[in-house]
Amino acid sequence: MRILLTGAFGNVGRSALAELVRRGHHVRCFDLRTPANQRAARRLAPPAEVAWGDLRRPADVAAAAAGCDVVVHLAFIVPKLSATGVESEARPDWAREINVGGTRNLIDAMRALAQPPRLIFASSLHVYGRTQDQPPPRTAADPVRPIEHYARHKVECERMVRASGLDWCILRFGAVLPLAMKLDKGMFDVPLDNRIEFVHTLDVGLAIANAVESSRVWGKVLLLGGGPPNQLYYRELNRRILAALGVGELPAGAFATQPFATDWLDTTESEALLRYQTRTLDDYIHDMQTVVGYRRHLIRLLRPLVRWWLLRQSPNWRRAARRLPVPGQPARVAVVTGASGSIGRATALRLAREGYAVVAVGRDQDRLDRLVAEVQADGGQAAALAVDLSDERACEQVFERATRLYGPADVLVNSAGFGWYGFGETMPWPTALEMLQVNVVAVARLTLLFLASMKQRGRGAIINVGSVVGGLPSQGAALYAATKSFVDTFTTSLFRELRGSAVTVSVVRPGAVRSEFFDRAARLSAGRRIPGAGLAVRPETVAERIAGLLKRPRRYVYVPGILRIVPWVELTLGWLIDRLGPVALGWKARGGAKSGSG
Ligand code: NAP
C-alpha cells in the first residue's frame with residue numbers, strides 16, 4: 001500500500017515508519033525540512049521516500065497526498081517543547097494554524113482526489129481533560145473536556161475528521177514515551193498520584209501498521225494504551241525512569257498537585273482489533289537505556305548537578321524556594337494589624353512575597369484595598385479586614401474572620417498603634433483611652449486569642465511591635481511609652497512562658513521609623529511633633545527584621561541594632577535625662593524643636 005505518514009520523524013512517526021517499511025509498504029514521509037529531520041531522512045531507504053513540506057501550505061499537502069491509499073496523520077504541535085523549539089501552549093494561535101489548519105488542508109486535499117485515501121488520525125487522551133475524580137478507565141464514549149490548547153485542537157480535528165466523508169479511524173494515544181528520553185520541565189506537570197497508562201512507542205507503531213491493513217477499524221475511535229499491566233501511578237512511572245537514567249527519585253515537592261490529563265484506558269476493543277500490546281514498562285526501560293547509551297553514565301557521574309538543574313526546571317520547586325504559595329495547596333497565613341500604616345504595610349508586603357496569605361487589618365479600607373491589589377499583582381494572596389481596634393469586640397472579629405478566610409493563622413504581627421506628644425496632664429482623656437485600647441488592650445486580646453489557637457496546633461509566631469521607648473522613660477510621651485512598656489513586658493514574659501514550645505512571641509523595639517506615625521501624632525497633639533523623625537529608618541527595615549524573627553525567633557530585637565545601647569544609656573545617664581527632660585520638653589512643647597524618637 002502507498003501510505004502518507006505526516007510527522008514521520010517524530011517519536012510515534014519513527015515507530016510507525018519502521019513497522020510499515022518492515023511490512024513492505026511504500027511510505028511517503030511528510031515533514032518539515034529541519035536539520036534533525038534531514039538527518040533522519042538520510043537513513044531512509046526505499047520503499048520509503050521523503051516529501052518535505054509544511055502542513056499550512058495546501059499545495060505541499062496536496063502533492064504529498066496524491067496517489068496514496070491511506071494517510072496516517074501524526075504531525076501536531078504538542079504541549080512539550082518539540083524539535084521545532086516551540087510548544088502548543090506558548091503560541092496557541094500559531095499552533096492552531098498547524099494543528100487545525102494543517103488537518104483541514106489535509107482533509108481538503110484528500111477529498112479532492114478521485115480516489116480519496118482513508119485517514120488515520122492520531123489523537124490523545126488529553127481530550128478528556130482532568131478525570132482523576134472519575135472512576136477509571138476512560139472509554140471512547142466518555143465526554144471530551146479539553147483543558148489545554150493542544151487538546152482543544154485535537155477535539156476540533158476529530159470533529160473535522162468525522163465530518164469529512166472519508167473513511168476514518170481515530171486513535172487516542174495514552175502516554176507514549178520517546179525512546180530518546182529527554183529530561184525536561186514537562187516531567188513535573190503530572191502529580192505523582194495521577195493514574196497514567198504507559199504504552200510502548202513500538203507498540204503504537206505496530207497498532208498503526210495493523211490499522212492501516214485492517215478492514216474493521218474504519219469509523220471507530222480507539223484508545224491505545226499498554227493494557228492493565230501498564231496502568232500505573234505517575235509516581236511509579238517517574239521513579240522507574242529516573243532510576244534507569246541514574247538521576248534517582250526527585251522530591252515530591254517538585255511535582256504539580258493540580259491533576260493532569262492522564263488516566264487508565266479501556267483498550268479492550270483496540271487490542272481485539274489491532275493486537276499490539278506486546279511490551280511492558282520493563283521493555284521500555286531496557287530500550288530507552290539502549291538509546292540513551294553512554295549519556296546515562298554521564299548523568300550518573302554528574303548526578304548532583306543534574307538533579308540540581310532538573311529541580312530548577314520545576315515551577316513548584318522554584319516557588320517553594322521563594323516560599324510562594326503553591327496553587328491548590330493552602331498557604332501559610334499571616335495576620336498583620338496596622339497594615340494600612342507604614343510598618344504594617346511593609347510587613348504585609350514582605351510576608352506576602354515570602355508566600356504567606358496575608359490578612360491585612362486596619363481602619364482605612366481604601367489603603368487596605370490598594371495593599372491587597374499590590375500583593376495580588378505580585379502573584380501573592382491577601383485580603384483586607386477593616387475594623388476599629390479601639391473597640392475590643394473587633395479583636396474577636398479579626399480572629400474569626402481571618403480564620404474563616406484562610407484557616408488558622410501561622411503568624412500574627414501586631415503593628416497597629418499611635419502616639420501622642422506633650423505634657424501628660426494636657427492629654428485629652430478620650431485620646432488616652434483610645435491609646436490604651438489600641439496600643440494595649442487590642443495587642444493583649446489579639447495575642448491571647450491567636451496564642452491559644454497556635455498552641456493548640458503546636459506552631460505559630462506572634463510579633464508585637466513595641467518601641468525603644470518601652471524601656472526608656474520618655475518625657476512628652478508618658479502614656480505612649482507606658483503602652484509600649486506594657487507590650488514589651490507582656491511579650492517578653494510570654495516568650496519565657498513559651499520556651500521549649502513551637503510557638504514563639506517576640507517584640508520589635510524600633511527607634512524612629514520614617515512613617516506617618518509622626519504626622520498622626522502631631523495631628524492629635526495640637527501640632528506638637530514627637531522628636532526623632534530625622535534619624536528614622538525605613539519601614540521596610542523593620543519589616544525585614546520581623547521576617548528575620550520568623551526564621552530565627554528571639555525575645556526582642558532593636559531596629560536599628562545600635563539602639564541596644566539604650567538600656568545602658570538609661571542606666572548610666574538616666575539621672576542626667578531626669579534633669580534635662582522637663583527643660584527639653586518645655587522647649588519643644590512650645591514648638592521650638594522638631595526631633596527625638598517614636
Ligand atoms: P502609622 O503609619 O501611623 O500606622 C499606624 C497603623 O495603626 C495604621 O495602619 C492605623 O490604621 C492603625 N491604627 C491606628 N489606630 C487604629 C484603630 N483604632 N483601629 C485599627 N487600626 C488602627 O505608624 P507606623 O509607623 O506604621 O507604626 C506602627 C507601629 O509601630 C505602632 O504600634 C507604633 O507605635 C510603632 N512604632 C513606630 C515608630 C515610628 O517611628 N514610626 C517607632 C517605634 C514604634 P488606619 O490608618 O487605618 O487608621
Side-chain angles (χ1 to χ4, degrees), residues 335-350 359-371 384-395 397-398 413-421 430-431 433-447 463-472 474 477 479-488 490-491 507-525 529-543 545-546 556-560 563 566 595-598:
V335 177
V336 182
T337 75
S340 47
S342 315
I343 296 173
R345 177 186 142 79
T347 306
L349 286 171
R350 170 77 192 224
V359 181
V361 183
R363 281 178 303 189
D364 190 324
Q365 182 78 58
D366 281 353
R367 283 182 180 216
L368 293 174
D369 288 344
R370 281 203 296 277
L371 169 71
L385 213 56
V387 290
D388 186 342
L389 291 173
S390 64
D391 178 353
E392 192 194 319
R393 285 164 305 181
C395 298
Q397 275 178 33
V398 169
V413 179
N414 277 311
S415 181
F418 68 96
W420 185 92
Y421 190 66
T431 308
L433 204 55
E434 188 184 342
M435 184 179 283
L436 289 167
Q437 288 289 357
V438 178
N439 293 15
V440 175
V441 177
V443 173
R445 185 76 183 109
L446 285 169
T447 300
I463 313 252
N464 290 330
V465 181
S467 166
V468 70
V469 301
L472 182 72
S474 307
L479 193 68
Y480 174 72
T483 66
K484 292 300 175 184
S485 291
F486 171 86
V487 170
D488 208 286
F490 175 59
T491 311
V507 63
V508 183
R509 298 171 176 166
V513 182
R514 216 171 297 155
S515 78
E516 286 181 41
F517 175 86
F518 294 95
D519 303 325
R520 289 179 195 234
R523 272 201 305 277
L524 291 168
S525 319
R529 295 188 71 83
I530 299 180
L535 305 168
V537 299
R538 294 162 57 241
E540 288 74 18
T541 309
V542 185
R545 302 311 292 270
I546 290 175
Y556 61 86
V557 65
Y558 284 97
V559 191
L563 289 181
V566 165
S595 73
S597 91

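Remember, it's 1-based here, ligands and their atoms both numbered in the order they're listed.
By the 3.5 Å distance cut-off applied to N or O atoms, V513 is counted among the residues near ligand 1. The shortest N or O to N or O distance between P510 and ligand 1 is not under 3.5 Å. Of the polar atoms of L389, at least one N or O is found under 3.5 Å from an N or O of ligand 1, judged by distance alone. Between G362 and ligand 1, a contact under 3.5 Å exists for no N or O pair. Residue G417 has at least one N or O atom closer than 3.5 Å to an N or O atom of ligand 1. Any N or O atom pair closer than 3.5 Å counts here, and V438 shares no such pair with ligand 1.
Taking the side chain as every heavy atom from C-beta outward, R538 and T541 approach each other to under 4.5 Å. Taking the side chain as every heavy atom from C-beta outward, R509 and L563 never approach each other to under 4.5 Å. Side-chain contact between V542 and T347: absent, with no pair of heavy atoms (C-beta onward) separated by less than 4.5 Å. Residues L389 and V398 form a side-chain contact, since some pair of their non-hydrogen atoms from C-beta on lies under 4.5 Å apart. The side-chain heavy atoms of V440 and F490, taken from C-beta on, include no pair separated by under 4.5 Å.
Close contacts of ligand 1 with V387, meaning ligand atoms under 4.0 Å from a residue heavy atom, involve 19 (N), 20 (C). Interface atoms of ligand 1 facing Y480, defined by a heavy-atom separation under 4.0 Å, are 33 (C), 34 (O), 35 (C), 36 (N), 44 (C). Taking every heavy atom of S390 and a limit of under 4.0 angstrom, the matching atoms of ligand 1 come to 18 (N). Contact atoms of ligand 1 toward S467: 43 (C), 44 (C) (distance under 4.0 Å to a heavy atom of the residue). Residue A512 approaches ligand 1 through these ligand atoms, each under 4.0 Å from one of its heavy atoms: 40 (O). Those atoms of ligand 1 that come under 4.0 Å of a heavy atom in F518, given as number and element, are 40 (O). Close approach of ligand 1 to S342 (heavy-atom distance below 4.0 Å) involves ligand atoms 1 (P), 2 (O), 4 (O), 26 (O). The distance from ligand 1 to the heavy atoms of V465 drops below 4.0 Å at these ligand atoms: 29 (C), 30 (O), 35 (C).
The shortest separation from a heavy atom of Q437 to ligand 1 is not under 4.0 Å, leaving the residue out of contact. Judged by the shortest distance from any of its heavy atoms, G466 lies inside the 4.0 Å radius around the atoms of ligand 1. Within the structure, the closest approach of A442 to ligand 1 does not fall below 4.0 Å when heavy atoms are considered.
The main-chain N or O of G471 is never found under 3.5 Å from a side-chain atom of K484 such that the two would form a donor-acceptor pair. Side chain of S342 to backbone of E516: a donor-acceptor contact under 3.5 angstrom is found. The backbone N or O of L472 lies less than 3.5 Å from a partner atom in the side chain of S474, making a donor-acceptor pair.
In R363, the parts holding a heavy atom less than 4.0 Å from any atom of ligand 1 are both the side chain and the backbone. Contacts between V468 and ligand 1, counted as non-hydrogen atom pairs separated by less than 4.0 Å, are absent for every part of the residue. With a heavy-atom cut-off of 4.0 Å, K484 touches ligand 1 through its side chain alone. The backbone and the side chain of S415 each have at least one atom closer than 4.0 Å to an atom of ligand 1 (non-hydrogen atoms only).
Note on ring orientation: taking the six-membered ring where Trp is involved, the planes of Y556 and Y558 are perpendicular (angle over 60°, cut-offs 30° and 60°).
Relative to atom 26 (O) of ligand 1, the option among D388, D366, I343 with the closest non-hydrogen atom is I343. The residue from R509, R520, E516, R367 that puts a heavy atom closest to atom 46 (O) of ligand 1 is R520.
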>> side-chain contact (heavy atoms from CB on, under 4.5 Å), that's the test. Do I343 and F517 meet it? Break it down for me.
In response: CA-CA 9 Å; I343 296 173; F517 175 86; over 6 Å; no
> Given L479 and W420, is the side-chain contact (heavy atoms from CB on, under 4.5 Å) satisfied, shown in steps?
Replying inline: CA-CA 8 Å; L479 193 68; W420 185 92; over 6 Å; no
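Legend: residues meeting salt bridge (charged side-chain N to carboxylate O under 4.0 Å, His left out) with R363, ordered by chain and number and at least two apart, are E434. The salt bridge (charged side-chain N to carboxylate O under 4.0 Å, His left out) check on D364 picks up R367, with sequence neighbours excluded.
Each of N414, T337, D488 was checked for a side chain to side chain donor-acceptor pair (under 3.5 Å) with N464, and the lone residue meeting it is N414.
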